[in-house]
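Reckoned from all heavy atoms, side chains included, excluding hydrogens, waters and symmetry mates.
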Amino acid sequence: MSTLHLIALDNSGSMRQSGRLAWAKGFAARLIEDAARTGNQVGLLLFGGQGVQCVLSPTQARRSALGRLRPLGGGGGTPLAAALGQAQTELLAHRRRHGNGRRLLWLLTDGRSLEQPAAPTAADHIVIVDFDNSPRPLGRCRAWAQAWGAELRQPTTDTQ
């Protein structure tokens with residue numbers, strides 16, 4: 001039974017500051033490589049000023065998917081609620097197709113959104129990776145992790 005790693009990558013305007021987006025793309029690349037090495041599945045959602053885009057539908061992880069990360073730019077607002085809604089849809093579809101395999105949601109963001117959405121209930125485990133490296137971090141990722149019962153990581157933490 002394989003595990004799905006669904007990555008929701010924030011590419012809003014604030015993520016372009018201080019190299020956060022490049023840092024987050026590198027983190028996502030490591031997640032994809034790890035999933036490919038262990039035979040797991042991966043999906044990639046991108047959310048920012050362009051809305052929510054499914055860059056990679058959940059499928060068997062392959063290193064060739066890394067090419068889709070490199071050209072991704074960013075800008076605009078942070079449609080967090082829409083991204084989490086799409087994540088819920090993808091996770092439920094995966095459950096219908098693959099049964100009871102484990103479903104992990106990785107939220108890669110700087111937390112610069114005023115939205116306070118609920119956690120996707122179809123995820124077995126949520127990991128919020130906090131890229132807010134500003135001199136005065138807002139602490140929203142920590143608040144979401146506490147409210148959702150999610151794991152909070154800093155991007156320097158190993159992906160496993």
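- Note on Leu107 and Phe27: separate hydrophobic clusters, where clusters join Ile, Leu, Val, Met, Phe, Trp and Tyr whose side-chain heavy atoms are under 4.5 Å apart, directly or indirectly.
- When all heavy atoms of Ala24 and Leu9 are compared, the pair lying nearest together is CB-CD1, 3.5 Å.
- Trp144 has its side chain within reach of Leu80: a pair of non-hydrogen atoms, C-beta onward, lies under 4.5 Å apart.
- Proximity of Leu152 to Gln146: side-chain heavy atoms (C-beta onward) are nowhere separated by under 4.5 Å.
- The residue from Arg16, Lys25, Gln50 that alone fulfils the side-chain contact (heavy atoms from CB on, under 4.5 Å) condition with Asn11 is Gln50.
- Considering only heavy atoms from C-beta on, Leu6 comes within 4.5 Å of Leu91 through its side chain.
- Asp124 places a side-chain N or O within donor-acceptor distance of the main-chain N or O of Arg103, the cut-off being under 3.5 Å.
- A chain of hydrophobic side-chain contacts below 4.5 Å, direct or via other Ile, Leu, Val, Met, Phe, Trp or Tyr residues, connects Leu31 to Val129.
- Contact of the Leu105 side chain with the Pro120 side chain is registered, since non-hydrogen atoms from C-beta on lie closer than 4.5 Å.
- Using a 4.5 Å cut-off on side-chain heavy atoms (C-beta onward), Trp148 and Leu84 make contact.
- Here the straight-line distance linking atom CG of Leu56 with atom CG of Leu46 works out to 11.5 Å at 0.5 Å rounding.
- Looking at heavy atoms from C-beta onward, His5 lies in side-chain contact with Asn40 at the 4.5 angstrom threshold.
- Remark: Thr109 OG1 to Asp130 CG distance equals 8.0 Å, nearest 0.5 Å.
- Between Gly111 and Leu138, the closest heavy-atom pair is O-CD1, 4.5 Å.
- Paired with Glu90 under the rule side chain to side chain donor-acceptor pair (under 3.5 Å), one option of Gln86, His94, Gln88 passes, and it is Gln86.
- Remark: the backbone N or O of Arg20 is not paired with any side-chain donor or acceptor of Ser18 at under 3.5 angstrom.
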Check your understanding: Between Phe131 and Asp10, is a side-chain contact (heavy atoms from CB on, under 4.5 Å) present by the stated rule, with each step listed?
Key -> CA-CA 10 Å; Phe131 286 89; Asp10 179 352; over 6 Å; no
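- With rounding to the nearest 0.5 Å, the separation of CD in Glu151 from CG in Leu104 is 9.0 Å.
- Within the model, atoms CE of Met15 and CG of Asp132 stand 9.5 Å from one another, a figure rounded to the nearest 0.5 Å.
- Taking both residues in full, the closest heavy atoms of Leu4 and Gly43 are given as CD1-N, 4.0 Å, listed atom of the first, atom of the second, then distance.
- The distance from atom CZ of Phe47 to atom CD of Gln53, rounded to the nearest 0.5 Å, is 12.0 Å.
- Between the side chains of Asp110 and Ser14, a donor-acceptor pair is found at a separation under 3.5 Å.
- Taking CG of Leu44 as the start and OG of Ser57 as the end, the distance is 10.0 Å to the nearest 0.5 Å.
- Val52 is not connected to Trp106 by any chain of hydrophobic side-chain contacts under 4.5 Å among Ile, Leu, Val, Met, Phe, Trp and Tyr, and they are in different clusters.
- Arg112 contributes no side-chain N or O that, together with a main-chain N or O of Thr78, makes up a donor-acceptor pair within less than 3.5 Å.
- The shortest non-hydrogen separation linking Val42 to Ala35 is CB-CB, 4.4 Å.
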Practice item. Test side-chain contact (heavy atoms from CB on, under 4.5 Å) on Leu114 and Arg140 and set out the steps. Key: CA-CA 9 Å; Leu114 296 177; Arg140 290 190 182 125; 3.2 Å; yes
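- Taking all atoms of both residues into account, the shortest heavy-atom contact from Ile128 to Ala150 is CD1-CB, 4.2 Å.
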